[in-house]
Structures are given as C-alpha cells and as structure tokens.
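Since the structure comes first, as structure tokens, the remarks are kept for the end.
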Amino acid sequence: MHSIKFIRENEQIVKQCLDLKGSDIDLTEILDIDFKRRTLIQEVESLKADRNKVNNDISQNKKEKKDCHNLINDMKNISVKIKALDNDLNQFNNDLNNKLLYIPNIIHQSVPVGSSAKDNKVIKIWGEKPKFEFNPSSHLELCESLNIVDFKRAAKISGSAFPLYINRGAKLERSLINYMLDAHIENHNYTEIFPPFLVTSNSPLTTGNLPKFKDDMYYIENDDLYLIPTAEVPITNFYANEVLDENALPTKFVAYSACFRREAGSYGKDTKGLHRLHQFNKVELVKFCKPKDSYSELDKLLNDAEKILQELNLHYRVIELCGGDLSFSAAKCYDIEVWSPFEQKYLEVSSCSNFESFQARRGNIKYRDKSSNKLEFVHTLNGSGLATPRLMIALLETNQNSKGEVIIPKPISSYFGKDIID
RNA sequence: GGAGAGUUGGCAGAGUGGUAAUGCAGCGGAUUGCUAAUCCGUCAUGUCUUAACAGGCAUGCAUGAGUUCAAAUCUCAUACUCUCCGCCA
C-alpha cells in the first residue's frame, strides 16, 4: 500500500506502474476522492475548532456559575453539522482506503522493462544439464515404481492435487525440510519460527494476499480464518503494529510450513504429479531491514536460497522478472528454476522478492530512525528456500540410475539414513 | 463452553463527564574544564500555510455504534490479553 500523499505527489510514476502491470485502476478517480476528502477535512476541522472554543467558554461559565444556555444552543447546531460532515468524511475515507488496497507496488528502477514472462531475463545459469546413457524416467514413473508417492489414494482421500508421500518418500520429504531448515539456521543465521497455519484476515491483508486474491486462499467461514498460502503470511505479521529497534535490524526468520492454495483459475495446468498442488511443503525466508539495506539484503537472500541447490548439485537458473510479470506486492523479484531432465525444462522452486515498505505500511511495521529520530516503515523481503515438490521432481529425475534407483545426495543422506532408494 | 479482571504514546503508568498527568528510554539544546549530574525543548496521525526551515488547527485513550452542548471517562456490541473452572491431543 502507498500513502495517498505519495500517490498525489507521484501520479506519473504510479500510473506507469499500473499500466505496466496491466491494471485498470482509475487514478484520477482516486485523486478526485482525495481532493473532496481534503476539502471536507478543512470544513469539519474548522467547525471542530469552533466547538472547542465554545466548549471552553461553557466550561469557564459553569465554574463561575454563569448562565450558558445560549452557548449550549450554539453548540447543538455546530454538533449536528459536525456529525453530518464526519459521516460524509468517513465514507470518503473508507472508499479511498478500499481503493488504495488494490493498488500494486511501485516497480523498482532496476527491474527489466517488459509486459510478460517472455521479457524476463536469465541472469545466471549454474551447473550443467545432466546427461544420461539411458532414457531417464519421469518423476511420476519413479514415484510409482519406488512406491514413494501415492497419487491415487491421495485423490481418494482429498481429491485432485494433494500429495501423499509414503515409505521412503515420506522420509525423503521430511529429510529435505530438515536439511533446508538446518542449513539456513546454522549456515545463514536465520532464526527459526514454527508458525500457525491458520490466520485472521488482517495477516494476509498485510502481505497483499487480501483483498485482491481472496479466491486463491482456503477460507474457514465458521471461524473467519484463512489457511496460509505460504509461511510469509504469519512471519511477516510477526512484527505487525510494532516499532522495532534500529539496532536489531536486519532480522531474519526461517520457517517450515505447509502451504495451501486453491489454484483457482489454473485448472487443467500442470495437473500431473507434483507440479501444482493444493497443499505442499516449503521452507520460507523472511527479512525485516532498513530501507537503505533492502537491495543488498535481497541479493543475500537469493544467495541463501541458491546455496541449497548448489549443495544438492542440481542444475538451475536465476530469472530476473520484468515489470509486467511482478506480483502485486513486489518491487523486484528473482525466480530460481531447477532443471527437470525428463521434461527438459526449468521449474520454479523459489521467488525472492523485495517488497520495500509496501507490506510494512499495510501491517504497520516501523522502526525509529536514529539519524532523523522519526518513525519509519521497515522494508520486508522474502523468498522460498525452497519449496519441496518441484525440488523433489528435480532430485528424483537428476539422481536416477539405469536400474531405476535414486541416489540420495550427500547433504540429505545423513537425514535420510541411507544414500539410495532402491 | 462458563465466571471474573483488563486493553491509555517506543515502554511504564495516573486520570471515573469540561484542554491526556507523571516517569523511563531516545533525539536536540543549555550549563558545569572531559564518560556523569542538572535544566529546557522534542518525541503519534491527518490537514492547512510555506520553496524550505517552521508554525497553525484538528484527531488520537483496543475496534465499532450510542447517550450528551461536551466522552479516555457513561451505555451497548465486537476483538484481543490475563486469572480461575469445565472439556480436550
């Protein structure tokens, strides 16, 4: 969210970003509401100044036991007017706020120009595509032959697009999560959080999932709670409505959570296997920092996430998203995509984004800046480090041998207890 | 689920119908030959004037309604926190 003041003073920049993100929001309408609102404020506040003056007079007179009937009658009139104007003002304020919640973040200058995914830039390729002396199997075939994911029974229990890991599949999933958590805690100095998976509506409002993307989340009507689509939602709200000590910044959190997504609007896409699921596991990284540090912190965050794939020796590339492909809340974003040898394509396993003050405003997360001694909004960042399903695809397909077995990479094997699934 | 207590600024904490005390921390300044002490100012949000510095006004006492000339204060509803009881992995 942006302050209306910022929009008023930077109309052209906001408009450019709206156009780039293909938004149909009418800025002139918003600025018009703002103008009317400010006119009303002036009107009602001068009446309130009057009221305060007369109030004092009444108070004085009462002390001196003088008659103040006339004054009280005057006040009656003023109060009626104030009440009516305050009502109007409230409507303008609500209207304005509701509209502001739908305005996406401003795109950072360094972001490549472009309108869709085809304009994204590949900025890094790590490792090489593995070569096989046999025809590699798909992750689906491996899951079935090794009996590690049971898609059929999962569908019987929960419907389509829910995974059910079994046997060594369940243990491998657990090993991946534990390995990634420990790597970020021990090697990259993140503080571990194990968050609640159900949240009240103000939490997704902070992160930008609400109000615009309500249909993407599972909602529990009885209790007015949402299932989290990512651990970003609870962690970003860890400091909601708080003022942080500047010396404590940056703070870095890592959390495992299950993630729940309705995937409304993507029916028929990636329906097979582990590509796109209603429930999946993810290890998430979240940072709070001072505005001047947020882009260097984004680079570090990206490195921390990449490190996982490097240690697992999986071929991947890093994409810098263009303006048109950026998500609602992000000012800049890198995607990490891991290679699937069977499908011969790259699969997204992480998005690392800087939200600047966009989420901090919505969640009211501030710090006191020592140099200006003013309260300022922090910058928030997050990235997956990493999501497991597509990581599992790459891991199984890359490490298979001609006998249909899967070799477990070194960093995982100590968690897994073996170095092969046969 | 039941009963009770509570929610005031960055933090602590007074205020029970008539301008939101005070303390701590932070920041700025004054002063005493230096790290301390003392004193003064500042320290939330919006809006207006101003190129800016700054100043004026209004708002802000969990949230939302209501009573009243006037609400932190009275009434009602809701949320959250704490204590006790009940149920429960």
Side-chain angles (χ1 to χ4, degrees), chain A residues 1-10 30-101 194-206 210 220-226 234 237-249 251 288 290 357 360-378:
Chain A
M1 181 142 98
H2 313 289
S3 69
I4 182 62
K5 205 171 182 179
F6 174 85
I7 295 172
R8 207 187 299 146
E9 286 163 7
N10 299 278
I30 288 173
L31 289 170
D32 186 49
I33 295 170
D34 175 49
F35 179 76
K36 287 180 183 154
R37 179 187 74 101
R38 276 153 52 221
T39 313
L40 253 181
I41 286 174
Q42 290 177 53
E43 206 177 329
V44 77
E45 284 190 354
S46 75
L47 281 176
K48 282 180 182 172
D50 285 351
R51 180 175 67 180
N52 288 342
K53 273 182 209 132
V54 180
N55 223 337
N56 285 341
D57 294 344
I58 292 176
S59 178
Q60 265 307 324
N61 285 0
K62 287 234 164 171
K63 270 183 206 156
E64 295 165 15
K65 304 212 165 151
K66 286 187 196 161
D67 178 74
C68 42
H69 270 83
N70 289 337
L71 289 176
I72 286 179
N73 277 335
D74 288 352
M75 282 286 276
K76 271 185 185 163
N77 288 330
I78 295 177
S79 289
V80 169
K81 279 187 205 158
I82 288 175
K83 201 164 206 176
L85 289 178
D86 260 343
N87 255 328
D88 294 348
L89 185 58
N90 265 335
Q91 277 177 27
F92 279 115
N93 278 334
N94 289 338
D95 194 15
L96 186 65
N97 268 328
N98 286 335
K99 289 194 159 66
L100 289 181
L101 285 172
F194 201 147
F197 294 176
L198 297 181
V199 292
T200 54
S201 63
N202 53 302
S203 295
L205 197 81
T206 298
L210 282 179
I220 296 165
E221 204 173 354
N222 272 351
D223 299 291
D224 194 21
L225 292 169
Y226 293 84
N237 283 280
F238 185 83
Y239 287 129
N241 300 311
E242 291 191 31
V243 175
L244 311 184
D245 185 350
E246 179 179 329
N247 297 327
L249 299 175
T251 41
F288 302 83
K290 288 182 262 184
S357 62
R361 268 174 211 287
R362 295 165 83 105
N364 190 27
I365 308 167
K366 296 176 175 170
Y367 74 102
R368 188 172 294 280
D369 186 85
K370 281 249 160 68
S371 55
S372 67
N373 201 35
K374 285 244 160 80
L375 294 177
E376 307 278 357
F377 290 107
V378 299

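Each chain gets a letter, A, B and so on, in the order the sequences are listed, and its residues count up from 1.
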Rounding to an integer number of angstrom, what distance separates [N] and [M] when you compare their [atom1] atoms?
N: B/rU8; M: B/rG13; atom1: P; result: 9 Å
N: B/rU73; M: B/rU35; atom1: C1'; result: 47 Å
N: B/rU49; M: B/rU67; atom1: P; result: 35 Å
N: B/rC40; M: B/rU31; atom1: P; result: 16 Å
N: B/rA3; M: B/rA89; atom1: P; result: 25 Å
N: B/rG18; M: B/rG6; atom1: C1'; result: 27 Å
N: B/rU22; M: B/rC34; atom1: C1'; result: 33 Å
N: B/rG23; M: B/rG15; atom1: C1'; result: 15 Å

With nearest nucleotides of RNA chain B determined for A/M75 and A/R368 from heavy-atom distances, which residue corresponds to the more 5′ nucleotide?
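Upstream on the strand: A/R368.
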Report the base-pairing partner of [N] (Watson-Crick or G-U wobble, both distances below 3.5 angstrom), or none.
N: B/rC82; result: B/rG4
N: B/rC53; result: none
N: B/rA12; result: B/rU22
N: B/rU35; result: none
N: B/rA44; result: B/rU59
N: B/rU73; result: none
N: B/rU68; result: none
N: B/rA89; result: none

Strictly distance-based, threshold 3.5 Å: is any side-chain N or O of A/E246 a donor or acceptor partner for the main-chain N or O of A/K370?
yes
N/O donor-acceptor pair under 3.5 Å between A/N10 side chain and A/F6 backbone
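Yes: the side chain of A/N10 pairs with the backbone of A/F6.
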Any side-chain heavy-atom pair of [X] and [Y] under 4.5 Å:
X: A/L210; Y: A/L101; value: no
X: A/E242; Y: A/V378; value: no
X: A/I220; Y: A/L198; value: yes

Without decimals, in angstroms, what is the distance between [X] [atom1] and [N] [atom2]?
X: A/I72; N: B/rA70; atom1: CD1; atom2: C1'; result: 9 Å
X: A/K370; N: B/rG10; atom1: NZ; atom2: C1'; result: 12 Å
X: A/R361; N: B/rA44; atom1: CZ; atom2: C1'; result: 15 Å
X: A/L47; N: B/rC69; atom1: CG; atom2: P; result: 18 Å
X: A/N61; N: B/rC69; atom1: CG; atom2: C1'; result: 13 Å
X: A/N55; N: B/rG17; atom1: CG; atom2: P; result: 16 Å
X: A/N73; N: B/rA70; atom1: CG; atom2: P; result: 12 Å
X: A/L244; N: B/rG26; atom1: CG; atom2: P; result: 18 Å

Under 4.0 angstrom between A/S59 side-chain N/O and B/rA70 OP1 or OP2:
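It does not, given that no N or O in the side chain of A/S59 lies less than 4.0 Å from OP1 or OP2 of B/rA70.
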Annotated protein contacts, base or backbone, on nucleotides 45-66 of chain B with a non-hydrogen cut-off under 4.0 Å, one of B, S, - each
SBSS--------BSS-------
Is it true that A/K53 and A/D57 have a side-chain N and a carboxylate O under 4.0 angstrom from each other?
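No, no charged N to carboxylate O under 4.0 Å.
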Determine, for A/D34 against A/K99, whether the closest basic-nitrogen to carboxylate-oxygen distance falls under 4.0 angstrom.
no
The single option from A/M75, A/E45, A/K48, A/E43 passing side-chain contact (heavy atoms from CB on, under 4.5 Å) against A/I82:
A/K48
Considering residues at least two apart in sequence or located in another chain, which fulfil the ring-ring contact (aromatic ring centres under 6.0 Å, His included) criterion with A/F197?
none
